[in-house]
Amino acid sequence: MGIRAILSSHLPNGQFGRHSLCLAAVGREHKKLPTLYFDIYRFSKQFPPLLLSIFGLSASDLCSFSFLFNLSLKIMKLDTSGLESAASLFGASSELFDGFATAPSFELPVTNDFDGFQKEAIQMVKPAKGTTTLAFIFKEGVMVAADSRASMGGYISSQSVKKIIEINPYMLGTMAGGAADCQFWHRNLGIKCRLHELANKRRISVTGASKLLANILYSYRGMGLSVGTMIAGWDETGPGLYYVDSEGGRLKGTRFSVGSGSPYAYGVLDSGYRYDLSIEEAAELARRAIYHATFRDGASGGVASVYYVGPNGWKKLSGDDVGELHYKYYPVMPSTVEQEMVEVSGA
Amino acid sequence: MTKQQANWSPYDNNGGSCVAIAGADYCVIAADTRMSTGYSILTREYSKICKLADKSVMASSGFQADVKALQKHLAARHLIYQHQHNKQMSCPAMAQLLSNTLYYKRFFPYYAFNVLGGLDSEGKGCVYTYDAVGSYERVGYSAQGSGSTLIMPFLDNQLKSPSPLLLPAQDAVTPLSELEAVDLVKTVFASATERDIYTGDKLEIVILNADGIRHEYMELRKD
């Protein structure tokens, strides 16, 4: 028949003794040594079903874990090439570094409900997000614009977040979604682009850079990263614009807007867009689109920044407070008074 | 059969508030000293402030066990840096290190809300504010913790500095003098203590300037 193997595993906290599991597994196909596979993310249907019975210190625990699943002691493989530090490449000496300078993997919590844990953790720490960003290609190059508000739940955590990230002097990335995710992975992309330049003696193309980022994000797909970014730049083939997101999508295009305010920005952007705009006209179009998005979307606001990417690299064209833009576009007209109320004096 | 939810959480919130204000040549970092869990007070004298380097001081509220682990990790990295480079880490460098350290635990976050204060390489005050997973930003002032939603609007009103994103750029540090800033911090905590149950007992203030570090304490309401 099968091999019966008993494994008892204790979760990290002594207090958790009540939940310690004794696992009895019966399988028809088996190896000489009993091995139990625990798949944190998925129930695999490839192995024959293992009957699992648990006896913890209380009878109620028995009922709770009676479902079929495979257990694996393998750690899930993540694409951690994004985290390799330069030190390891040059064989940096000494045991001092192990575990510090080379941090090859993300620690994962030991839990049988990874998705639930992530949902709760994210609810609790409420990382900053929410935004409007846009970018479009036109005759002279690429125009990139964004607002600067970051919200944590309903609280505005900052009105001055840099959402246009300078990857290198001729490439920009925009930030939408989780602020920490975008900041970290853009910085990482900048490092990889620089390494590419040093290794290949030429600048990386926008296509290449966006592919690097998209591959990293794809490998973390399903783990709760929230990144909606646009990579805009000028390379040998001219202006380039790609949209990359944490679902693993990567699209080449000429007009994009990302974020909670994007529907409003699209409305203004699409109706005013022409390929042969001049730089000033394009900048004004981008600025207006961001302004209108901040006007209607609660999660967008702060300062509307506009950048231009041309053959000589990027240049910041303007940064205007959207409150002031409102009064610039819609100045307050003194209204004509038809009947003036005069104070009645005395009795 | 309904799936039983885990009723043990690896996190707890020990409450408290932290504030930091950057000046032209000084930086003030302050935090209360109350550590609570649920409705109980664990101690009235717990310091949430940690000096990471000569010119960098971090104050963190949230789950103090995670904060302690984070402080240890940063202290160790700083020591390695000193051995390698024969100098102390600058505040902007420490800021990025803290951001990366927080992000490496992206899938099992440190439940710590940090504010890092110090002097940059030009001697100007700098304050960096973080969320729990490492997104950070240099600002002129910041508040984190259970009283932050009470404190921040007041600081915005008193200190509102122009956004660093405006073009042409305008300076982000507060025009207040050091004594005025310390006074402001004391006022702010006195008010926060009135309305936040997790803030109180004692206020610890650290002032960093070109002459070095100075500590001040003030009693707060203990109820």
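A note on names: the letters A, B, ... follow the listed sequences, proteins ahead of strands, and every chain is numbered from 1.
Interface summary for chain A: among B:Leu166, B:Thr129, B:Asn100, the most heavy-atom pairs under 4.5 angstrom belong to B:Leu166. Of all the listed residues (A:Val303, A:Asp320, A:Ile164), the one sharing the greatest number of non-hydrogen pairs under 4.5 Å with chain B is A:Val303. Of the residues considered (B:Leu102, B:Asn13, B:Thr149), B:Thr149 shows the highest number of contacts with chain A, using heavy-atom pairs under 4.5 Å.
In this structure, SG in B:Cys91 is found 12.5 Å from CD in B:Gln96, a value given to the nearest 0.5 Å.
For B:Thr101, no part lies near chain A; criterion is any non-hydrogen pair under 4.5 Å. For A:Leu317, the part lying under 4.5 angstrom from a heavy atom of chain B is the backbone only. For chain A, the nearby parts of B:Tyr136 are the backbone and the side chain; heavy atoms of each come within less than 4.5 Å.
In this structure, the ring of A:Phe106 has its center less than 6.0 angstrom from the ring center of A:Tyr220. A ring-centre distance under 6.0 Å is not found for B:Tyr110 and B:Phe108.
Here salt bridge (charged side-chain N to carboxylate O under 4.0 Å, His left out) pairs that include residues 11-29 of chain B, with residues two or more places apart or in two chains, number zero.
Partners of B:Asp66 under the side-chain hydrogen bond (donor to acceptor under 3.5 Å, both in side chains) rule, at least two apart in sequence or in another chain, do not exist in this structure.
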